[in-house]
Amino acid sequence: MDRNQSHRQVAAMKQSLFDQGLLDEQFTQLEELQDDANPNFVEEVVTLHYRDSSRLISNIEQALERNPPDFNKLDTLMHQFIGSSSSIGAKKVKAECNMFRGYCNAGNAEGCMKSFQQMKKEYAALRKKLEAYFQLVRQAGPLERACRSNSK
């Protein structure tokens, strides 16, 4: 596969992530911060997000097991998770987090549990798709500036 075709595949895959509502404009803003000096910036930020957020998920799971649940603590933990998810543009994950916080504010433990399970599904699905995306990006290699001209 030639380099241009690889880059078109990367662009199509990224567009698919946006079309599915998995990512928002924050992901694009992260990409704009990437340059030749740090060509893997976005992948590094996403990797850090997943490493740090696994701790938060564990803390939320532990807090949900308490009876009665401490909704203030759950809300605080989820607020942190939203911040982390927002930093990479995880649109569907963020939406589920907001639903979870709504259930916290209503004192609805069952709603929190259901929303949390859905959030974890969205989180895992996005992680899998981003891993495939970054693998494709690595295979395609850096986008050369000279490729942008139309002269042959």
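Here the structure is a predicted model, which means the values were calculated and not measured. The chain is numbered in sequence order, starting from 1.
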Q) Salt bridge check: are E131 and R127 linked by an N-O gap of less than 4.0 Å? A) yes

Q: Calculate, to the nearest 0.5 Å, the distance between atoms CD and OG belonging to Q80 and S85 respectively.
A: 11.5 Å

(Q) Suppose we screen for side-chain contact (heavy atoms from CB on, under 4.5 Å). Which residues come up paired with K121, at least two apart in sequence or across chains? (A) Q118

Q. Considering residues at least two apart in sequence or located in another chain, which fulfil the side-chain contact (heavy atoms from CB on, under 4.5 Å) criterion with K94?
A. D24, I82, S86, N98

Q | Minimum side-chain heavy-atom gap N4-R8 below 4.5 Å | A | yes

Q.
According to a hydrophobic-cluster definition based on side-chain heavy atoms being under 4.5 Å apart (Ile, Leu, Val, Met, Phe, Trp, Tyr only), do F71 and L64 belong together?
A. yes

Q. With side chains defined as the heavy atoms from C-beta onward, is the minimum distance between F27 and K91 less than 4.5 Å?
A. no

Q. Does Q15 use its side chain to pair, donor to acceptor, with the backbone of A11 at less than 3.5 Å?
A. no

Q: Could you tell me which non-hydrogen atom of C104 sits nearest to which non-hydrogen atom of L74, and how far apart they are?
A: SG-CB, 3.7 Å

Q) Does K114 have any salt bridge (Lys or Arg N to Asp or Glu O under 4.0 Å) partners at least two apart in sequence or in another chain, and if so, which? A) E110

Q: For residues P39 and D36, report the shortest heavy-atom separation together with the two atoms involved.
A: CD-O, 3.4 Å

Q: State plainly whether one hydrophobic cluster holds both F134 and F41, where clusters connect Ile, Leu, Val, Met, Phe, Trp and Tyr through side-chain heavy atoms under 4.5 angstrom apart.
A: yes

Q: Not counting sequence neighbours, which residues clear side-chain contact (heavy atoms from CB on, under 4.5 Å) with N59? List them please.
A: R55, Q62, L77

Q. So, for M119 and C97, which heavy atoms are closest and what is the spacing to 0.1 Å?
A. CG-SG, 3.9 Å

Q: For side-chain contact (heavy atoms from CB on, under 4.5 Å), just list the numbers for M78 and I60, CA-CA rounded to whole Å, side-chain angles, deciding distance to a tenth of an Å, and then say yes or no.
A: CA-CA 7 Å; M78 191 55 76; I60 293 167; 3.8 Å; yes

Q. Between F81 and F100, is the gap from one ring center to the other below 6.0 Å?
A. no

Q) CD/E122 to OG/S115 distance, rounded to the nearest 0.5 angstrom? A) 10.0 Å

Q: Answer yes or no: are there more than 12 heavy-atom neighbours, outside K120 itself, under 6.0 Å from its atom NZ?
A: yes

Q: Indicate the ring-plane relationship of Y50 and Y123, choosing parallel, tilted or perpendicular according to the 30° and 60° boundaries.
A: tilted

Q.
With a 4.5 Å cut-off on side-chain heavy atoms, are L22 and K129 touching?
A. yes

Q: Before giving the answer on side-chain contact (heavy atoms from CB on, under 4.5 Å), spell out for R51 and T47 the whole-Å C-alpha distance, their side-chain angles and the decisive distance to 0.1 Å.
A: CA-CA 6 Å; R51 187 178 309 141; T47 299; 3.7 Å; yes

Q. Under a 4.5 Å cut-off applied to non-hydrogen side-chain atoms, are L23 and L126 in contact?
A. yes

Q: I would like to know whether L48 and E44 meet side-chain contact (heavy atoms from CB on, under 4.5 Å); could you show each step before the answer?
A: CA-CA 6 Å; L48 284 172; E44 290 168 9; 5.5 Å; no

Q: Using a 4.5 Å cut-off on heavy atoms from C-beta on, say whether the side chain of Y133 contacts that of V10.
A: yes

Q. Can you tell me how far the NE2 atom of H79 sits from the CG atom of L56, to the nearest 0.5 Å?
A. 11.5 Å

Q) Looking at residues at least two apart in the chain, or sitting in another chain, which of them share a side-chain hydrogen bond (donor to acceptor under 3.5 Å, both in side chains) with Q139? A) none

Q) Considering all heavy atoms of both residues, which atom of S6 and which atom of A140 are nearest to each other, and what is their separation? A) CB-CB, 3.7 Å

Q. Are T28 and E32 linked by a side-chain donor-acceptor pair shorter than 3.5 Å?
A. no

Q: Could you check Q26 against I88 for side-chain contact (heavy atoms from CB on, under 4.5 Å), going step by step and ending with a plain yes or no?
A: CA-CA 6 Å; Q26 180 61 33; I88 67 162; over 6 Å; no

Q) What residues, two or more places apart in sequence or in another chain, satisfy side-chain hydrogen bond (donor to acceptor under 3.5 Å, both in side chains) together with Y103? A) none

(Q) I'd like to know if the side chain of T76 reaches the main chain of N72, judged simply by a donor and an acceptor atom lying under 3.5 Å from each other, with no hydrogens or angles considered. (A) yes

(Q) Hydrophobic clustering (ILVMFWY, side-chain heavy atoms < 4.5 Å, transitive) - are M13 and L130 grouped together? (A) yes

